[in-house]
Amino acid sequence: MLKSQKNKYTKEDPLEHDEYNFAYLDEQTKRMIRRAILKAIAIPGYQVPFSSREMPMPYGWGTGGVQVTASCLCPTDTLKVIDQGADDTTNAVSIRKFFEKTANINTTDDTNSASIIQTRHRIPEEPLKEGQILIYQVPIPEPLRFLEPRETETRIMHALEEYGLMHVKLYEDITKHGHISTAYAYPIKVEERYVMDPSPIPKFDNPKLHNNEALQLFGAGREQRIYAIPPYTKVISLDFEDYPFEPMKAEAICSICGSNSSYLDEIIINDKGDKSYICSDTNYCEKRK
Amino acid sequence: MYVAVKGGEKAIENAHRWLSEKRRGNTDLKSIELKQISEQLFLSVSRVMAEGSLYDKELASLAIKQSSGDLIEAIFLLRAYRTTLPRFGYSKGIETDNMICSRRISATYKDLPGGQILGPTYDYTHRLLDFKLIAEEEVHNSKEVEIDNIEKLSRVSEYLNKDDLIKRENNTSKQPKDLTREPLELPADRSLRLQSLTRSDEGFLLGMAYSTQRGYGRNHPFVGELRIGIVDVFFEISELGIEIEIGEIEITECETVNQFMGSKKEPPQFTRGYGLVFGQSERKAISMALVDRALQWKELGEENQNAPAQDEEFVLYHGDNIQATGFVEHIKLPHYVDFQSELELIRKIRKDAQKSEK
């Protein structure tokens with residue numbers, strides 16, 4: 001566990017802390033979720049069903065991630081919450097405040113000093129290290145869902161390792177567009193067994209999934225699934241020998257910090273529609289300024 | 001230079017402050033009281049309790065007040081509260097045979113023991129705006145309506161049961177699964193399906209039920225019996241070995257009688273659809289019964305018509321309005337990163353396409 005540190009988000013409001021159990025969920029529920037997490041770690045990439053609870057924020061807004069975070073949090077943890085790479089987007093603020101209120105833990109923007117990072121749609125630019133947990137919010141955990149809408153079918157396909165349909169889809173992309181036309185939530189294969197949806201991160205982030213030192217947990221609240229990539233796990237992005245996977249980003253540099261290697265957001269800067277680019281990872285950008 | 005917008009935290013606080021002002025409305029008017037909601041908007045309260053899966057009129061009224069009358073938001077508040085409550089155990093199954101009915105009608109028999117009891121209903125009212133209600137209403141001095149029919153009312157389906165004309169539904173001793181404690185796994189048995197349907201969105205179920213009537217999985221229903229009334233809830237204290245009554249709840253129950261021509265598995269006989277909902281909600285109870293019947297096609301060995309209402313996975317996965325509203329509305333959250341990656345991709349594909357045209 002990392003040393004907790006003071007930061008600008010933590011505010012003392014002891015009145016609020018007695019109404020709910022530590023980190024909101026009751027201990028029985030946390031135990032149930034921890035069991036699911038342990039199973040997920042034991043079978044990398046396999047989607048473990050769990051009995052998702054109604055959280056005080058809507059389904060589709062990170063309830064899966066929040067439940068996993070709540071079950072992993074200890075009072076000594078330091079939590080970072082990002083959405084689209086940024087610490088100050090509305091939903092990240094809302095989730096961070098939720099845990100400040102219900103768990104009274106320290107929070108931080110600093111990727112390096114966080115022990116737990118909850119994220120939506122990005123992996124931080126700064127490499128993660130052993131002991132850290134990266135928790136993803138997942139909207140649709142099933143990578144085969146858009147090829148086969150039925151859960152009963154897709155579970156069988158995973159059981160039989162029947163992933164032909166996915167390869168056909170990627171192949172058809174190439175014949176139609178000359179490229180694999182998936183830009184985010186790009187399918188991966190974990191430890192040469194399960195095809196997995198990495199949540200809607202841009203495919204630029206996919207290489208960071210591989211051999212990551214941190215534990216990566218994925219929570220899908222509405223769909224009631226938890227899955228995991230343990231540290232140092234082999235992760236490959238699906239591709240073909242003659243059409244190898246290539247990560248992609250805007251061919252520009254950040255107009256704030258000048259980075260040419262970080263993932264960039266495009267912003268419109270005037271009514272003429274002129275564009276500029278800035279780092280999507282706000283903490284990375286700030287540190288380089 | 002443009003600097004990306006900061007200060008989400010403050011913006012959220014301001015937005016919420018504005019909302020709470022707006023919810024209160026004009027402060028020259030009195031704040032609405034919970035009792036007024038539970039007394040005068042009791043059908044809203046019924047719906048919130050049913051889909052919130054929590055029978056508590058006061059909390060449901062509070063949720064309706066807090067959500068400015070947005071019932072799905074109110075249901076959400078109630079569900080989020082419910083999930084934090086500890087479970088002491090499960091009550092005994094309620095005996096709807098012993099219901100004290102304020103309403104009980106049958107569409108299959110003109111008269112029957114106990115008679116048709118209309119009760120408080122909007123049926124047969126003319127849907128004309130009653131402008132008298134604009135003015136403060138004078139107190140109707142109608143004497144308290146008394147339910148004089150305390151005797152146990154026999155059940156319509158029992159008459160059919162006696163002649164073996166309707167499929168018997170056997171009591172299983174199996175403890176049903178708890179949908180709120182275990183993940184939904186398919187195929188689901190009937191008790192789990194009914195559990196899911198009773199907390200499903202009323203509008204969704206109504207649409208599904210309507211589709212069966214219009215031919216998408218038609219199942220020829222009659223309302224055998226529809227009752228609204230009060231039942232007692234019992235709880236067994238295992239340490240003491242006794243059963244105590246912990247309260248009473250109002251429920252709506254609907255049993256449909258459906259034509260059935262027989263299949264390889266079952267002889268020709270009537271079959272049933274079943275609906276049971278907290279509070280007073282006939283529309284929901286009837287819809288639930290129709291959908292329940294449509295979902296039984298497999299057990300009865302009927303033909304799969306590929307109708308949406310016959311599709312267990314479709315119905316059970318999409319009926320929950322809290323899940324649905326969350327996911328549908330989440331697309332208003334920032335998607336800068338994903339949109340950016342799509343932008344890059346489309347630019348790349350367009351560039352390649354233009355190159356190859358030349």
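All values below come from the heavy atoms of this structure, side chains included, with hydrogens, waters and symmetry mates left out. To find a chain, count down the sequence lines: A is the first, B the second, and so on, and within it residues start at 1.
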Between S341(B) and A183(A), the two heavy atoms sitting closest are O-CB, 3.4 Å

Applying a strict 4.5 Å limit to non-hydrogen atoms, the region of R155(A) in contact with chain B is neither

When the 4.5 angstrom heavy-atom criterion is applied to F204(A) and chain B, the contacting part is neither

Whatever's closer than 4.5 Å to a heavy atom in chain B on H177(A) counts as both

So, the part of D83(A) with a heavy atom under 4.5 Å from chain B: the answer is side chain

Applying a strict 4.5 Å limit to non-hydrogen atoms, the region of M57(A) in contact with chain B is backbone

Max heavy-atom pairs within cutoff under 4.5 Å with chain B, candidates T63(A), T90(A), T29(A), goes to T90(A)

Check your understanding: Has the side chain of R53(A) got a donor or acceptor atom that lies under 3.5 Å from a matching backbone atom of T84(B)?
Key -> no

Applying a strict 4.5 Å limit to non-hydrogen atoms, the region of M55(A) in contact with chain B is backbone

| request: Answer whether the closest heavy-atom distance between the side chains of K332(B) and W61(A) falls below 4.5 Å. | output: yes

Closest non-hydrogen atoms of Y317(B) and R225(A), given as atom of the first, atom of the second and distance, are OH-NH2, 4.1 Å

**Asked** Can we say R199(B) and E54(A) salt-bridge, meaning some charged N sits less than 4.0 Å from an Asp/Glu carboxylate O?
**Response** yes

Honestly, the part of D338(B) sitting under 4.5 Å from a heavy atom of chain A is both

Of L77(B), T180(B), I349(B), L333(B), the largest count of non-hydrogen pairs under 4.5 angstrom with chain A goes to L333(B)

**Item:** Sidechain N-carboxylate O distance under 4.0 Å for E266(A), R347(B)
**Value:** yes

Under 3.5 Å, is there a donor-acceptor pair between the side chain of Q84(A) and the main chain of Y336(B)? yes

Against chain A, residues from residues 54-72 of chain B with at least one heavy atom under 4.5 Å, in numeric order, are none

From the list P187(B), A80(B), P334(B), the residue making the most non-hydrogen contacts under 4.5 Å with chain A is P334(B)

When the 4.5 angstrom heavy-atom criterion is applied to E313(B) and chain A, the contacting part is side chain

Answer key: most heavy-atom pairs under 4.5 Å with chain B among E251(A), R120(A), M248(A) is R120(A)

For Y81(B) and P56(A), indicate whether the former's side chain and the latter's backbone hold a donor-acceptor pair under 3.5 Å. no

Applying a strict 4.5 Å limit to non-hydrogen atoms, the region of Y186(A) in contact with chain B is neither

Under 4.5 Å to a heavy atom of chain A? For L184(B) that would be both

If one checks every heavy atom of T325(B) against chain A at 4.5 Å, the contacting part turns out to be neither

Ranking A185(A), G85(A), S181(A) by heavy-atom pairs under 4.5 Å to chain B gives rank one to S181(A)

The interface call for D178(B) against chain A, heavy-atom contacts under 4.5 Å, is neither

Of the listed E185(B), H335(B), E182(B), the one with the largest count of heavy-atom pairs under 4.5 Å with chain A is H335(B)

When the 4.5 angstrom heavy-atom criterion is applied to L25(A) and chain B, the contacting part is neither

Interface check, chain B: of S52(A), S94(A), P49(A), G178(A), most non-hydrogen pairs under 4.5 Å belong to P49(A)

Honestly, the part of F339(B) sitting under 4.5 Å from a heavy atom of chain A is neither

Residue from L179(B), L345(B), L343(B), V328(B) scoring the most non-hydrogen pairs under 4.5 Å with chain A is L345(B)

Take K348(B) and E246(A) through the salt bridge (charged side-chain N to carboxylate O under 4.0 Å, His left out) test and state the conclusion after the steps. CA-CA 12 Å; K348(B) 188 166 183 186; E246(A) 38 174 353; 3.0 Å; yes

Salt bridge (charged side-chain N to carboxylate O under 4.0 Å, His left out) assessment of K97(A) paired with E13(B):
CA-CA 11 Å; K97(A) 289 187 101 171; E13(B) 266 167 28; 3.1 Å; yes

